[in-house]
Structure formats: structure tokens, C-alpha cells
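Hydrogens, waters and symmetry mates are skipped; everything else that's a heavy atom, side chains included, is used. Note that ligands are numbered from 1 as they come in the structure, with each ligand's atoms numbered from 1 the same way.
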Amino acid sequence: MRIATNAIAKKEAPMLKVAATVQELKMAMAAWRVHDETIAFVPTMGALHEGHMELVKRAQNLATRTVVSIFVNPLQFAPSEDLSRYPRPIENDKQLLEAVGCDLLFAPPPEEMYPEGFAARVDPGPMATVLEGAFRPGHFTGVATVVARLLMMVSADYACFGEKDYQQLRIIERVVKDLAIPTAIVPVPIVREADGLALSSRNAYLSPPERVQAVSLSRTLFMAAEKIRDGASVRETLDAGKKQLADAGFRVDYLELADGKNLSSLSLAQDNARLLVAARIGGTRLIDNLALYEETGEENA
Ligand code: AMP
């Protein structure tokens, strides 16, 4: 009798399964599907922080099983970018996922995601050419290709994406709709540090003085949003914001007001408008964004 109780207790203790191959992934998922379980998926590049964990929490509230992937996708990095130095603290990531009761980590090696002969690309269309796309040509093709492939492999009911990468979120929604991928995309709001800096794996690159300067990024967004809401000219506010960032030591790639649905540039405020920024400090490139007006939720429908 005692043995049986222990066996049950052991079975129910949180246990993170780790799959490195598509076959292992599919076997774990098939076993759940037999029992009518629902699955929510969180794709990441690892170096997990509270922002990622918020996505995991959301996933756990959506479905009975949660799958997280960690894959630093070479296709979305240009040769000049930080692919080789991108942080990969895999053991720490596993512990974080295990601690919150995530069910499965899919952590494939590059050759599993891109086997010999892999040649297909998902072109996400015009939304991929503005803002980030203008400064990182090919980036969103790399993102859309890996995310489409992951979504097909995992075939989850839901997949959670952070608004931190707002343009990516909108592009993924477009791709999922256009390719009829049967997974509901669930947006999750940005998690910020106490001083406003959006959490990012790349914040680890910042030296202590750069970390202090970095607060200007979110501060500029919050100040610009307030000014525009108060009726200031969009153009003048964005120019002043860029100057403020330059004074704080940033090299600004863009600071724009855009339509929150299709990301086209705006010169006048409107309901779903969003401020988006990318700027570099030292060798680190950071992005952030902010809705001009509080969102009703319909925005993301
Ligand atoms: P990454 O590992 O940077 O590719 O991010 C994986 C997912 O986590 C993406 O959907 C991101 O938008 C999301 N994410 C990253 N940082 C944050 C954050 N500070 N708040 C909310 N979501 C985030």
C-alpha cells in the first residue's frame, strides 16, 4: 500500500522532459494527445528571464501541457550580428523551467532544425521590410521560417509570443493566418525591470554604466507617448526623443509611431498607434515599444 502511494507521489512530482529530436518531441506530444490534453507552446532562444517566464505562466493557464523550445536560430542573425556570443546558459534554463512545472523542453541542435538540404524560406511580406526589417534585412524571413517549422512540429493549440518583439508578433500572426497553421497566437505584455527597462537576454551584454544609461530607452517612450497624447506634434516629439536618446549615449536606428496592426508609419496619433524604438549602446542593440493608448484587448483579436 505504501509503495503504491509513493509511486503515485513520484509520478505527480513536476518533471521536465527534454527532447533534442523531432521524434522525441512528437512521441511526448502523441502520448498527451491520447489523453485529450491541450498544449501551449513558448518558442524562445533561451537565456530565460522573467519575461520568458511570464509567457510560460500564460501558457500554463491556457492548456494542460506546456512546451518551451530553446533554439538560437542562425537563420535570423546576419553575419555581423551576435549569433556566436548569444548567451546559452542551458542548465540554468532547465532549472528555471523545471521549477515552474513546465512539461517539456525542446532543445534541438541546429542540424535537427536545418538538416542537410534544407532550403525553404517563409517570406512574411511587406510587414517584414519596415522598422526592424529595414535595419536587419532577412531577419524576419529567418524568424518566420523557424517559427513556422516549430509550430508545425509542435502542433500546439496555443503559442505565446511577447509584445517585447512587437513587429515579430504581428508578423507571426500574419504568417500563421496565411499558412493556415492551426495554432492560436497569444500575445503577452512586456515585462519590465523596476526602472522601466524591458527584460531582454541581451541586457546581459550591458556594462554597469550602460545599464544605467539604458533606462533612457523606455523613459523616452513613456515621455513621447505622454506628449503625443497631450497633442504635441508627432514629428517634433519623435525628433526630440531621438535627441534625448543620443544625449544619453545611444545611437538610434529608429524611433517611430506606427499603426499597431500593420506597422505602417504614422504622422498623426490614432487609437491603435504604437511607439517603437531600436537603439545601440556600446555593442548592444536594444528594442522596445509602447502602446500610445491603453489597449482594450480588441487590438489583439
Ligand atoms: P527570445 O528568447 O528573445 O527570442 O524571446 C522569446 C519570447 O519571449 C518572444 O516571444 C519574446 O517576445 C518574449 N519576450 C522576451 N522578452 C520579453 C519581455 N521582457 N516581456 C515579455 N515577453 C518577452
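Nearest to atom 22 (N) of ligand 1 by heavy atom, out of V188, L55, D165, is L55.
When non-hydrogen atoms are compared, ligand 1 lies under 4.0 Å from the backbone of P189 (N, CA, C, O) but not from its side chain. Contact annotation for P43 and ligand 1: only backbone heavy atoms (N, CA, C, O) come within less than 4.0 Å of the ligand. Heavy atoms of H49 found under 4.0 angstrom from ligand 1 belong exclusively to the side chain. Only side-chain heavy atoms of H52 come within less than 4.0 Å of ligand 1; its backbone N, CA, C and O stay farther off.
Within ligand 1, counting atoms from 1 as listed, the ones closer than 4.0 Å to a heavy atom of I190 are 20 (N), 21 (C). Close approach of ligand 1 to F161 (heavy-atom distance below 4.0 Å) involves ligand atoms 10 (O). Within the listing of ligand 1, atoms 16 (N), 17 (C), 18 (C), 19 (N) sit less than 4.0 angstrom from a heavy atom of L199.
A salt bridge does not link E226 to R229: none of the charged nitrogens lies less than 4.0 Å from a carboxylate oxygen.
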**Message:** Before you tell me yes or no, could you show the steps for D178 and R174 under salt bridge (Lys or Arg N to Asp or Glu O under 4.0 Å), namely the whole-Å CA-CA distance, both residues' side-chain angles and the distance that decides it to 0.1 Å?
**Reply:** CA-CA 6 Å; D178 292 354; R174 178 81 262 157; 2.7 Å; yes
**Request:** Check the pair R219 / D195 against salt bridge (Lys or Arg N to Asp or Glu O under 4.0 Å), numbers first and verdict last.
**Result:** CA-CA 9 Å; R219 213 168 264 172; D195 67 359; over 6 Å; no
**Prompt:** Between E256 and R274, does a salt bridge (Lys or Arg N to Asp or Glu O under 4.0 Å) hold up when you go through it step by step?
**Reply:** CA-CA 8 Å; E256 290 276 341; R274 208 163 252 264; over 6 Å; no
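Applying salt bridge (Lys or Arg N to Asp or Glu O under 4.0 Å) to R285 and the options E81, E132, E210 leaves one that passes, E132.
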